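Remarks on the structure that follows.
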Amino acid sequence: MSFAHLGLSQKVLDAVTAAGYSAPTPIQDQAIPHVLARRDVLGIAQTGTGKTAAFVLPMLTTLEQGRARARMPRTLILEPTRELAAQVEESFIKYGKNHKLNVALLIGGVSFGNQDTKLTRGVDVLIATPGRLLDHTERGGLLLTGVELLVIDEADRMLDMGFIPDIERICKLVPFTRQTLFFTATMPPEIRRITEQFLHNPVKVEVSRPATTVEAITQGLVKSGREPHDKREVLRRLIRQAEGLKNAIVFCNRKRDVATLHRSLLRHKFSAVALHGDMDQSSRMTALDQFRKGDVTVLVASDVAARGLDIPDVSHVFNFDVPHHPDDYVHRIGRTGRAGRTGTAITIVTSADHKAVAAIEKLIGRSIAWLGAPPADDPAEDDRPSEPVRMGTRAPRRGRDTRRDGTVADVGGRSEPSGGRTDAGGRAGRGPRAKTAPANVMPLETARKRPPRDDAPDDIENYLPAFLLRPVRVKA
DNA sequence: AAAAAAC
């Protein structure tokens, strides 16, 4: 089997050969001839199946005829996240190296100016996330009336993210006569409805999911205490003791936990970057780039990285938190064990997570083995700072973005050196510490018969000024 | 229960 019989142009075939590919994947084999025949395609496939090239290659061939007009893109590709959009752009650059096509990326978080200049020059391929695309159309800088081919990628994820109304709006802005390529990993009823509405007599192309949860990935569960610092310690041991660890993605459920864990890992001298949706776009790009190139070993990420991201050679996935939705588990661990390689996925489980684990095991239809807790690899290992904490000349500001532990809620993925900050886990949840109440306030626990919360603030917030405890007369 | 995406 080769690419030669699919009907692709010589320019495209040359680029494919130059990229080192010789045989099409099943989805490429099945979809490309139909795309070239200008049929609508409903592709049921996940990332890792070669889905992107299945539309990029025939699009390049088709676009060799004709020219783009100002502000009227010839083709439009919709992606749910900025990273996926950028990934598709890279694919066009790679396979379009023998073409002179204008490709524009319309995503949020970057300036309008450059995007607008490109649109004015005329683009053959427009790759966009829905929000920024609609923004451009509303400003009048973009007309979708010339779109000959529309690609809706990762449709089920768009649904999860609430993008379907946007997608419906966009579909109404492009000509009825366009060709539509629609890709989804699953077919929930809402997606089925959309396909009936927007596809005309589509060819259905379905490929089995790549070996994700089965043979390619070794899965395991590891017990941990519930406190974040317990989990961080378990994670560090897992990373240090992992066999054949080349690089790893660590997933957290929340963005701020991504930021905290990232800083903690840096403090412990791990080579790590963070990726989540509250980081500015250039930091997101840099982080992903450094991880892809192998400049850093660990990517700490939210679920923005769980689906679709193509990083072919991730040896380990660690779930710092058990994902709330079992589907997310499958997507997360699917970042490893790709492209015929094997991978390891280890999930840190606390006593609060057993229901979520049961839901995951039910979904994947098998139980996941419990691995023994990793032994301490260094007796001195604990969650304290690896060097004495030097306080800066100014006390850390306790503003909106600064938490009790002195860490900042989001550093935009920049690597902060370890000095000068207090340890994120140094005190977190270690139980009550000796109180030194200011003379004029009464300890809260004296005032109320309630033990201090584990995670209660250490300082003034833990005390109630005495005057507040005096009885107050309220007139009825 | 959270994340993602527009200024």
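Small disclaimer: the values here were computed from a predicted structure and weren't measured.
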If you look at every strand shown and take non-hydrogen atoms under 4.0 Å, does A:Gly109 touch a base, only sugar-phosphate, or nothing?
sugar-phosphate

For the pair made of CG in A:Asp160 and C1' in B:dA4, what is the distance, rounded to whole Å?
10 Å

In whole Å, I'd like the distance from the CZ atom of A:Arg254 to the C1' atom of B:dA4.
16 Å

Atom CG of A:Asp327 and atom C1' of B:dA2 are separated, to the nearest Å, by 14 Å

Rounded distance in Å - CG (A:Asn253) to C1' (B:dA2)
7 Å

Residues 352-364 of chain A vs side-chain hydrogen bond (donor to acceptor under 3.5 Å, both in side chains), sequence neighbours excluded, gives A:Thr350-A:Asp353

Whole angstroms only, please: what is the CZ-P distance between A:Arg169 and B:dA6?
13 Å

Is A:Phe112 touching bases, backbone alone, or none of the nucleic acid, heavy atoms closer than 4.0 Å?
nothing

Could you tell me which residues satisfy ring-ring contact (aromatic ring centres under 6.0 Å, His included) with A:Phe291, sequence neighbours excluded, listed by chain and number?
none

N/O (side chain, A:Thr129) to phosphate O (OP1/OP2, B:dA6) under 4.0 Å:
yes

With a non-hydrogen cut-off below 4.0 angstrom, is A:Arg82 in contact with a base, only sugar-phosphate, or nothing?
sugar-phosphate

From the set B:dA6, B:dA4, B:dA2, return the single nucleotide nearest to any side-chain atom of A:Met161.
B:dA4

Phosphate contact (B:dA5 OP1 or OP2) by A:Thr81 side-chain N/O below 4.0 Å
no

For B:dA5, take OP1 and OP2 only and decide whether either is under 4.0 Å from a side-chain N or O of A:Arg284.
yes

What is the distance, to the nearest angstrom, from the CD1 atom on A:Ile167 to the P atom on B:dA4?
18 Å

Is a donor from one side chain sitting under 3.5 angstrom from an acceptor on the other, for A:Arg254 and A:Ser302?
no

Gap between atoms CD and C1', on A:Glu83 and B:dA5 respectively (whole Å)
11 Å

Please determine, for the side chain of A:Glu138, which listed nucleotide (B:dA2, B:dA6, B:dA3) has the closest atom?
B:dA6

Might you work through the ring-ring contact (aromatic ring centres under 6.0 Å, His included) test for A:His316 and A:Phe318, ending with a clear yes or no?
CA-CA 7 Å; A:His316 286 68; A:Phe318 297 103; 5.8 Å; yes

Kindly give the heavy-atom pair with the smallest separation between A:Ile107 and A:Val110, and that separation in Å.
O-CG2, 3.4 Å

Atom CZ of A:Phe251 to atom P of B:dA4: distance rounded to whole Å?
11 Å

